[in-house]
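Here the structure is laid out as structure tokens; the discussion comes afterwards.
Side chains are part of it too, since the values below use all heavy atoms of this structure and drop only hydrogens, waters and symmetry mates. Positions are given from 1 along the sequence. Model, not experiment: these values are computed from the prediction.
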Amino acid sequence: MMTPIGTGLVWGLLYDPNYGAVNQIFHLGHLAWLGEVRYAAAAAIIATIWTNTPFVMILLLAALQSLSREPFEAAMIDGASARQIFRYIIVPLLMPTILVALLIRTIFEFRGFDIIWMLTQGGPAGRTETLSMTDFLMSFRFFAVGQGAALSWIMLIITAGISVGYLYYLTRSLRTQEA
């Protein structure tokens, strides 16, 4: 896996309007992905998803490999199709891992800064600016340290609230699996 700064640099090159591979592959001419308001957010989201997907996939693969074989064998004996096995056995058994992955990704995306900063520095017209970027700019560029600290606390409270919600749902999911 690449570091976020390296990822931002590489995706910046891929999105380059003159020599970027994205425009070359899709025959888009000289489209400025990171310079146009309507495309910049999508370009940043694609780069971020590309960076973070391996972590989630490794978590899900580890959970999938740790599942017991008995429910699958019982479902096959009962004549369940592959779709039914996926929907009624695999997804419920993986739900705790999915929720943990969602929790981790939510926390990480709330502090999302590095890739987007390398790609657009919050532009064009603030379209890709995140809360972490606003906090950074407020604290270190405009020297409003008190307001930056207050924004950090607000982000912490929001993240904690989301985390408590995820953890409540996770414990509820685990209780239903045990029953």
Side-chain angles (χ1 to χ4, degrees), residues 1-15 21-22 24-28 33 38-119 127-133 152-179:
M1 290 187 226
M2 300 169 57
T3 63
I5 302 299
T7 301
L9 290 171
V10 168
W11 277 95
L13 292 172
L14 289 172
Y15 287 136
V22 174
Q24 299 290 328
I25 291 171
F26 296 111
H27 307 288
L28 298 173
W33 286 93
R38 58 183 174 185
Y39 299 125
I45 289 169
I46 289 169
T48 304
I49 289 172
W50 181 85
T51 303
N52 298 318
T53 300
F55 173 72
V56 174
M57 288 297 118
I58 289 171
L59 277 178
L60 291 176
L61 178 63
L64 192 60
Q65 289 177 340
S66 70
L67 294 179
S68 175
R69 293 275 175 223
E70 287 84 16
F72 299 104
E73 292 170 358
M76 283 190 251
I77 290 172
D78 289 342
S81 67
R83 180 177 289 160
Q84 290 171 327
I85 290 173
F86 179 76
R87 181 174 178 198
Y88 296 112
I89 296 175
I90 294 176
V91 171
L93 290 175
L94 288 182
M95 192 54 67
T97 306
I98 293 169
L99 289 174
V100 167
L102 278 173
L103 173 64
I104 292 170
R105 291 304 327 142
T106 301
I107 292 170
F108 279 24
E109 289 311 316
F110 238 91
R111 65 170 185 80
F113 176 86
D114 35 24
I115 293 174
I116 298 172
W117 185 261
M118 292 305 298
L119 288 173
R127 181 74 172 165
T128 60
E129 193 169 313
T130 63
L131 279 175
S132 295
M133 207 172 292
S152 294
W153 275 101
I154 291 169
M155 288 172 49
L156 174 69
I157 291 167
I158 292 170
T159 305
I162 291 171
S163 298
V164 167
Y166 275 126
L167 292 174
Y168 171 76
Y169 191 75
L170 176 63
T171 56
R172 200 176 92 195
S173 173
L174 290 174
R175 281 190 205 133
T176 57
Q177 278 186 3
E178 291 173 1

Original post:
Does some side-chain heavy atom of L14 sit less than 4.5 Å from a side-chain heavy atom of W33?
Top reply: no

Original post:
CZ/F108 to OG1/T51 distance, rounded to the nearest 0.5 angstrom?
Top reply: 13.0 Å

Original post:
To the nearest 0.5 Å, how far apart are CH2 in W117 and OG1 in T130?
Top reply: 9.5 Å

Subject >> From CE (M95) to CD1 (I90), nearest 0.5 Å >> reply: 12.5 Å

**OP:** Please report the C-alpha distance between I85 and M76 in whole Å, then the side-chain angles of each, then the deciding distance to 0.1 Å, and finally whether the side chain to side chain contact (heavy atoms under 4.5 Å, CB included) criterion is met.
**Re:** CA-CA 8 Å; I85 290 173; M76 283 190 251; 3.9 Å; yes

Subject >> Heavy-atom pair of closest approach, residues A47 and T7 >> reply: O-CG2, 4.4 Å

**OP:** Check the pair Y39 / Y15 against side chain to side chain contact (heavy atoms under 4.5 Å, CB included), numbers first and verdict last.
**Re:** CA-CA 11 Å; Y39 299 125; Y15 287 136; over 6 Å; no

Original post:
What are the two closest heavy atoms between S66 and A63, and how far apart are they?
Top reply: OG-O, 2.8 Å

**OP:** Look up atom CG in L131 and atom CD1 in I158, then write down how far apart they are to the nearest 0.5 Å.
**Re:** 6.5 Å

Subject >> Neighbour count above 12 (heavy atom, 6.0 Å) for F113 CZ >> reply: yes

Original post:
Going through the checks in order, is the side chain to side chain contact (heavy atoms under 4.5 Å, CB included) test met by L64 and T97?
Top reply: CA-CA 9 Å; L64 192 60; T97 306; over 6 Å; no

**OP:** Of all the heavy-atom pairs spanning A44 and L119, show the shortest one and how long it is.
**Re:** CA-CD1, 4.0 Å

Original post:
Can you check whether F110's main-chain N or O pairs, donor with acceptor, with S132's side chain at less than 3.5 Å?
Top reply: yes

**OP:** List the atom of M118, the atom of L9, and the distance in Å for their closest heavy-atom pair.
**Re:** CE-CD2, 3.3 Å

**OP:** Let me see the working for L167 and L170 under side chain to side chain contact (heavy atoms under 4.5 Å, CB included), right down to the final yes or no.
**Re:** CA-CA 5 Å; L167 292 174; L170 176 63; 4.3 Å; yes

Original post:
Can we say E109 and R105 salt-bridge, meaning some charged N sits less than 4.0 Å from an Asp/Glu carboxylate O?
Top reply: yes

Original post:
CZ/F72 to CD1/I77 distance, rounded to the nearest 0.5 angstrom?
Top reply: 13.5 Å

Original post:
To the nearest 0.5 Å, what is the distance between CG (L102) and CD1 (I162)?
Top reply: 11.5 Å

Subject >> Side chains of I107 and R111 in contact at under 4.5 Å (non-hydrogen atoms) >> reply: no

Subject >> Taking every non-hydrogen atom, the tightest pair across P4 and I115 >> reply: O-CG1, 3.5 Å

